Structure formats: C-alpha cells, structure tokens
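We count residues from 1, following the sequence as given. Because the structure is a prediction, the values reported are computed rather than measured.
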Amino acid sequence: DPAARVVPLEGTAVRSSLGPGCTIAGGIVVHSVLGEGVRVGSGTLLQDTVVLPDAAIGDRTTLRNTIVAAGCQVPAGTRIGVPATEDTIP
C-alpha cells in the first residue's frame with residue numbers, strides 16, 4: 001500500500017488519521033479520519049469528518065461533522081455542516 005501523501009506547502013493535516021494512499025492537495029484536514037485512497041482537493045476544509053475509502057473531495061469544499069460514504073465523489077464547492085451565519089457565497 002502506498003503511504004498517505006500531503007503535498008508540501010499546500011496540504012495540511014492536524015490531529016487526523018490518514019489511510020494509505022490518501023492525497024491532500026492543498027486542503028486542510030483537522031480532527032478527521034480519511035480512509036484508504038481518499039483524495040482531498042485544493043482549498044478544501046475537512047473538520048471533524050470521516051471519509052471512507054476511495055472517496056474524492058472536490059476543490060473549495062467545506063465539510064464539518066460529516067461522514068462521506070466509500071467511493072463518493074463530493075463536487076467542488078460543496079458546503080456541509082456550515083452554520084447559516086458562515087454560509088455565504090463569495
């Protein structure tokens with residue numbers, strides 16, 4: 001199994017568990033669990049989230065307190081678990 005990969009200077013993982021083959025390409029993962037082969041896009045925030053194997057999270061996505069099913073493709077710009085006071089479209 002390939003090791004998890006955080007793209008230097010672009011991706012960050014804090015207090016999280018990353019499965020083999022994960023790629024965080026410019027996203028931030030905080031207090032979350034990523035299964036094997038998960039891909040996290042640029043500008044994405046995952047917080048208190050569980051992502052099951054082989055899922056892909058699109059660019060500029062925010063997921064908080066969320067469980068993502070295995071193999072799920074979360075489209076770019078998706079916002080789940082964001083309070084209404086923070087849910088604004090730039």
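The main-chain N or O of Gly41 is found under 3.5 Å from a side-chain atom of Thr44 such that the two form a donor-acceptor pair. Within the 3.5 Å criterion, the main-chain N or O of Leu63 finds a donor-acceptor partner in the side chain of Thr49.
Residues Val14 and His31 have side chains not in contact (no heavy-atom distance under 4.5 Å, counting atoms from C-beta outward).
Transitive grouping of hydrophobic side chains (ILVMFWY, heavy atoms separated by less than 4.5 Å) brings Val51 and Val74 into a common cluster.
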- Kindly determine whether Leu52 and Val68 satisfy side chain to side chain contact (heavy atoms under 4.5 Å, CB included), including the steps that lead there. CA-CA 6 Å; Leu52 297 177; Val68 178; over 6 Å; no
- From CA spacing to verdict: side chain to side chain contact (heavy atoms under 4.5 Å, CB included), Arg15, Val30: CA-CA 6 Å; Arg15 296 186 328 261; Val30 180; 4.0 Å; yes
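Residue Ala55 comes nearest to Ala69 through the heavy atom pair CB-O, 3.8 Å, listed as atom of the first residue, atom of the second, then distance. The minimum heavy-atom distance linking Leu34 with Leu46 is given by the pair CD2-CD1, 3.8 Å. Closest heavy-atom contact between Leu18 and Ala4: CB-CB, 3.7 Å. Among all heavy-atom pairs drawn from Cys22 and Gly35, the shortest one is SG-O, 3.0 Å. Across all non-hydrogen atoms, the minimal contact from Thr61 to Gly58 is OG1-O, 3.0 Å.
Arg64 pairs by the salt bridge (charged side-chain N to carboxylate O under 4.0 Å, His left out) definition with Glu86, not counting sequence neighbours. Checked against side chain to side chain contact (heavy atoms under 4.5 Å, CB included), Ile67 has the following partners two or more places apart in sequence or in another chain: Val50.
Sorted by first and then second residue, the salt bridge (Lys or Arg N to Asp or Glu O under 4.0 Å) pairs with a member in residues 40-60 form an empty list; sequence neighbours excluded.
Of the inter-residue distances, the one linking Arg79 atom CZ with Thr66 atom OG1 reads 11.5 Å to the nearest 0.5 angstrom. Separating the CD1 atom in Ile24 from the CD1 atom in Ile57 is a distance of 11.0 Å, to the nearest 0.5 Å. The distance from atom OG of Ser32 to atom CG of Asn65, rounded to the nearest 0.5 Å, is 9.0 Å.
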